[in-house]
Amino acid sequence: MGFIDVADVLAGGVSGEISVRGWINNSRSSGGIMFMLLRDGSGLLQCTVRREAVGEELYGRLEGLPLESALELSGTVREDGRAPGGWELSVSGAGAVYPAKLDYPLVRKEHGVEFLADNRHLYVRDPRLQNIFHIRAKFFEAARDWFREHGYTETQSPSFMTASVEGGSTLFNVEYFEREGVYLTQSWQLYAEAMISSLGKIYTIAPSFRAEPHRTRRHLSEFWHLEVEEPWTDLEGIMGTGDALVTHIAHTLADDIPEKIKRAGRDPAELLKLETPFPRISYDEAVEIVQGEGVEMFWGDDFGWQQEGPLTRKFDSPFWVVGFPSGIKPFYHMPDPDRAEVTMSGDLMAPEGYGEIIGGGQRVHDYDQLHQRVLDDGLDPENYSWYMDLRRWGTVPHSGFGLGIERVIMWMLGLEHIRDTIPFPRDMRRVYP
RNA sequence: GCCGCCGUGGCUCAGCUCGGUAGAGCGUCUGCCUGUUAAGCAGUUGGUCAUCGGUUCAAAUCCGAUCGGCGGCGCCA
């Protein structure tokens with residue numbers, strides 16, 4: 001006889017005699033009746049064990065199992081409003097049992113952040129995290145679906161690289177055999193620009209690494225980066241891609257797994273309200289808004305924490321800020337043909353203070369212009385020679401962006417901290433476990 | 001890197017201001033309980049107070065250093 005997933009039982013599509021297997025998430029006994037909350041990969045099911053039904057020997061054995069022991073249980077499925085989830089299993093017998101060797105350190109009680117981080121390898125079992133990880137999986141699925149339906153090809157770039165994309169101070173140095181100057185990737189962008197001449201519209205989903213010593217609730221040193229690059233596309237075109245992609249993901253989460261979204265703390269209706277396209281404001285307008293709220297900001301400054309507040313309060317959906325000054329954007333951003341001091345760039349800002357979720361724009365496709373931009377940024381063109389080579393053979397206008405998956409999940413679910421969006425978060429003080 | 005806060009039984013914390021060699025709740029364990037929802041009740045177990053050094057008759061408590069952690073900033077996704 002096969003084993004049934006807890007999720008299928010809770011969905012109400014199962015009846016009669018079945019078997020389930022999982023881990024004891026919690027267990028309570030009151031002498032003659034015992035309630036075991038059994039957790040498998042799909043959810044939590046209350047399993048009710050009666051002394052008179054299973055006999056003295058089995059009842060005693062089950063009662064003595066520590067939390068997080070694993071076992072197989074069989075019995076009858078019953079709808080019951082008293083059980084969490086509305087369904088429960090009346091246990092008639094047990095199969096294989098894998099008892100926990102020690103008492104489980106994560107009791108059903110408050111724990112501090114440090115203790116939970118030290119025990120992350122166990123804490124990932126927590127039903128709240130389990131739920132978020134399921135949503136995360138759906139996020140990846142929805143993104144890939146959207147790309148497939150719209151003719152994009154998924155491809156990969158190397159994680160070891162020799163040139164900086166974003167800025168030298170944020171690079172992780174790697175010991176690479178005998179060689180100096182090898183780093184972990186911050187973005188696939190340079191390689192993506194090579195690949196568009198091979199595959200056309202492309203995307204990747206891969207980790208990126210940033211060595212900046214962040215100490216905030218929305219930064220990781222290793223994050224999952226969803227990046228897109230498209231030939232024959234300008235700034236407005238690539239923002240349209242971002243609009244459609246983010247909206248599709250939000251709607252898919254709300255439509256397909258509304259109960260999981262609700263359990264994570266977000267009303268699915270909020271996600272369904274999102275509409276394409278998101279509002280766009282120019283960098284100049286953004287500066288005026290910030291200044292109008294009495295917060296200090298000069299043209300040419302980047303948005304800091306203090307500037308973001310007044311800005312994000314103006315919108316209840318994500319919004320694009322376009323046309324950032326050249327001085328605060330890397331060399332590969334294309335200058336506005338009508339206004340050289342600003343770039344054809346766009347950042348998508350999440351509402352509610354979650355910050356930037358997409359950064360992107362149109363790239364410089366002209367060789368001489370790129371050469372000049374590299375020099376202006378104080379960089380050595382030698383380090384970018386293969387990248388500049390791309391402008392020699394069939395260069396076309398092209399654009400792309402990078403989306404921080406954990407940031408977006410954090411915003412979509414309304415989470416307090418980015419570490420909850422990924423099973424094993426990495427930040428400047430955490431690489432273990 | 002900078003600013004602020006914290007480190008006391010397995011966990012969450014109190015005690016520190018006004019020094020006199022430790023206390024609660026939860027967990028563990030034992031017993032009771034046939035509908036619990038972080039179950040309940042009674043009892044039990046468990047700590048050289050992060051580390052090193054200093055002051056003192058005496059340090060969890062005062063001073064210094066070190067290590068570790070948390071929150072925030074600049075920057076970014």
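All chains are named by letter (A, B, ...) in the order of the sequence lines, taking the proteins before the strands, and each is independently numbered beginning at 1. Not measured: the values here are computed from a predicted model.
Atom OH in Tyr123(A) sits about 14 Å away from atom C1' in A38(B), given to the nearest Å. In this entry the distance linking CD1 of Ile33(A) with C1' of C33(B) reads 12 Å, nearest Å.
A centroid separation of 6.0 Å or more is found between the aromatic rings of Tyr332(A) and Tyr387(A).
In this structure, C2(B) and G72(B) make a Watson-Crick or G-U wobble pair, each of the two defining distances being under 3.5 angstrom.
Under the side chain to side chain contact (heavy atoms under 4.5 Å, CB included) test applied with Val14(A), the options Asp5(A), Val20(A), Ile4(A) reduce to a single match, Ile4(A).
Within the nucleic acid shown, Arg128(A) has no heavy atom closer than 4.0 Å to any nucleic acid atom. Using a 4.0 Å heavy-atom cutoff across all strands shown, Pro84(A) reaches at least one base atom of the nucleic acid. If you check every strand for non-hydrogen atoms under 4.0 Å, Arg51(A) touches nothing. Across all strands shown, Glu227(A) has no heavy atoms under 4.0 Å from either base or sugar-phosphate atoms.
For Glu88(A) against G35(B), a side-chain-to-base donor-acceptor contact under 3.5 Å is present.
Taking all atoms of both residues into account, the shortest heavy-atom contact from Val364(A) to Leu370(A) is CG1-N, 3.5 Å.
Put simply, His417(A) has no side-chain N or O that comes within less than 4.0 Å of OP1 or OP2 on C70(B). OP1 or OP2 of G71(B) has at least one side-chain nitrogen or oxygen of Arg419(A) nearer than 4.0 Å.
Once the 5.5 Å centre distance and the 30° plane angle are applied, the aromatic ring of Trp305(A) is found not to be stacked with the base of G74(B).
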